[in-house]
2 protein chains.
Amino acid sequence: MTSTEGMGLERVSTERTPLRPTRQRTAVAEALASVDDFRSAQDIHDLLSRAATPVGLATVYRTLNALVEAGEVDMLRTEDGEAIYRRCSETHHHHLVCRSCGATIEVEGPAVERWTTAIAAEHGYSEVSHALEIFGTCGSCQR
Amino acid sequence: MTSTEGMGLERVSTERTPLRPTRQRTAVAEALASVDDFRSAQDIHDLLSRAATPVGLATVYRTLNALVEAGEVDMLRTEDGEAIYRRCSETHHHHLVCRSCGATIEVEGPAVERWTTAIAAEHGYSEVSHALEIFGTCGSCQR
DNA sequence: CGCTGTTTGACAATCATTCTCAATCGAGCG
DNA sequence: CGCTCGATTGAGAATGATTGTCAAACAGCG
């Protein structure tokens with residue numbers, strides 16, 4: 001990492017570097033905005049390549065991580081360790097996944113939302129987010 | 001992927017898994033039993049090497065995965081994608097993690113347990129398990 | 001227009017995890 | 001008691017996601 005400090009510029013408005021909106025960053029953000037679901041970095045990369053706005057894989061990762069740090073995107077892990085991303089404005093929900101066939105149902109639970117927030121506050125944590133995945137065997141796979 | 005036609009290591013719940021307790025499998029199971037926490041496969045491997053019961057890393061992974069399939073061990077992912085394992089008898093709890101310094105607090109919530117089970121049942125899912133992680137900024141890191 | 005720090009991207013490097021496959025083990029058999 | 005054959009092991013190669021490297025392209029501003 002470069003030190004990016006000590007220059008005469010006082011551009012430090014809130015925290016770190018003010019992220020310049022380049023063509024590729026915009027492309028990544030738009031790609032994320034165009035899907036309602038979690039997507040892997042590679043998915044985004046493919047999407048962009050196919051969409052005539054090719055962006056280097058490394059840049060996709062960098063941008064995605066920057067967005068996560070900026071709190072504009074949520075990231076979680078699939079069962080096999082792949083990172084998946086989703087823009088975090090839309091309706092917040094969780095996934096009920098079948099261990100066997102992979103069938104996924106989106107579920108919501110105000111109770112859980114409230115509980116996590118409360119627990120976190122109770123321990124003095126702020127800016128709370130959470131990741132919850134439920135695994136089970138779906139009806140069709142039980143037979 | 002291979003078809004694994006002859007093997008009985010699938011998910012045959014009607015009959016007990018033909019997993020024979022070899023020296024290394026026992027060692028892995030005991031290592032897991034000796035700690036109350038989540039450990040990575042590499043942790044277990046190191047632990048065993050130091051404990052005069054060396055087991056190959058590949059075997060540790062194989063055994064751990066077998067135990068997970070057999071439902072004797074829980075596996076989840078850290079934020080950076082590493083798989084961590086814990087024998088799944090003991091008190092079930094979740095983690096409240098500081099995004100900034102990594103400080104972790106274990107929390108319990110009967111409500112969540114009940115909710116996940118209920119939701120899953122409602123959708124016809126059985127053999128339910130879940131993973132919940134709460135992220136936030138802890139008190140010390142807010143200053 | 002030129003200067004300077006930022007951003008990009010091809011590619012190498014990392015790291016956890018899985019695969020390969022020859023050597024070894026172990027239980028039942030003759 | 002020694003043999004056979006499938007199960008198991010482990011060293012190292014292979015995989016695949018992610019991150020680091022670094023020279024070249026870029027963007028704002030003076």
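Lettering of chains follows the sequences in order, A, B, ..., and the numbering in each one begins at 1. Every heavy atom of this structure was used, including side-chain atoms; hydrogens, water molecules and symmetry mates were not.
Residue B:Tyr61 contributes atom OH, which lies 17 Å from atom P of D:dG12 at whole-angstrom precision. Distance CG (A:Asp43) to C1' (D:dT18): 15 Å, rounded to an integer number of Å. Counting to the nearest Å, the P atom of C:dA16 and the CG atom of B:Asp46 are 10 Å from each other. Between A:Arg77 atom CZ and D:dG16 atom C1' the separation is 13 Å, expressed in whole Å. Atom-to-atom, CD of A:Glu82 to P of C:dA16 comes out at 18 Å; the value is rounded to the nearest Å. D:dT18 atom P lies 6 Å from atom CD of A:Gln42, rounded to whole Å. In this structure, A:His45 places its NE2 atom 13 Å from P of D:dT18, rounding to the nearest Å. Atom pair A:Asp80:CG and D:dT15:P shows a separation of 17 Å (rounding to whole Å applied).
The OG1 atom of A:Thr53 lies 9.5 Å from the CD atom of A:Gln24; values are rounded to the nearest 0.5 Å.
Using bins of under 30°, 30° to 60° and over 60° for the plane-to-plane angle, the ring pair A:His130/A:His94 lands in the tilted bin.
Hydrophobic clustering, with ILVMFWY side chains joined whenever heavy atoms are under 4.5 angstrom apart, groups A:Val107 together with B:Leu132.
Shown here are the ring-ring contact (aromatic ring centres under 6.0 Å, His included) partners of A:His95, two or more places apart in sequence or in another chain: A:Phe38, A:His93.
Not one N or O on the side chain of A:Arg86 forms a donor-acceptor pair closer than 3.5 Å with the backbone of A:Val35.
When only modelled atom types and interatomic distance are considered, A:Arg62 and A:Thr59 share a side-chain donor-acceptor pair under 3.5 Å.
Side chain of A:Asn65, nearest nucleotide from D:dT19, C:dT17, D:dT18: D:dT19.
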Polar atoms only, N or O, under 3.5 Å: list the protein pairs with nucleotides 8-10 of chain C and their distances.
residue: C:dT8; atom: OP1; partner: A:Thr22; partner atom: OG1; Å: 2.6
residue: C:dT8; atom: OP2; partner: A:Arg25; partner atom: NH1; Å: 3.3
residue: C:dT8; atom: O3'; partner: A:Gln24; partner atom: NE2; Å: 3.1
residue: C:dG9; atom: OP1; partner: A:Gln24; partner atom: NE2; Å: 3.0
residue: C:dG9; atom: OP2; partner: A:Gly56; partner atom: N; Å: 3.1
residue: C:dG9; atom: OP2; partner: A:Thr59; partner atom: OG1; Å: 3.0
residue: C:dG9; atom: N7; partner: A:Arg62; partner atom: NH2; Å: 2.5
residue: C:dG9; atom: O6; partner: A:Arg62; partner atom: NH1; Å: 3.3

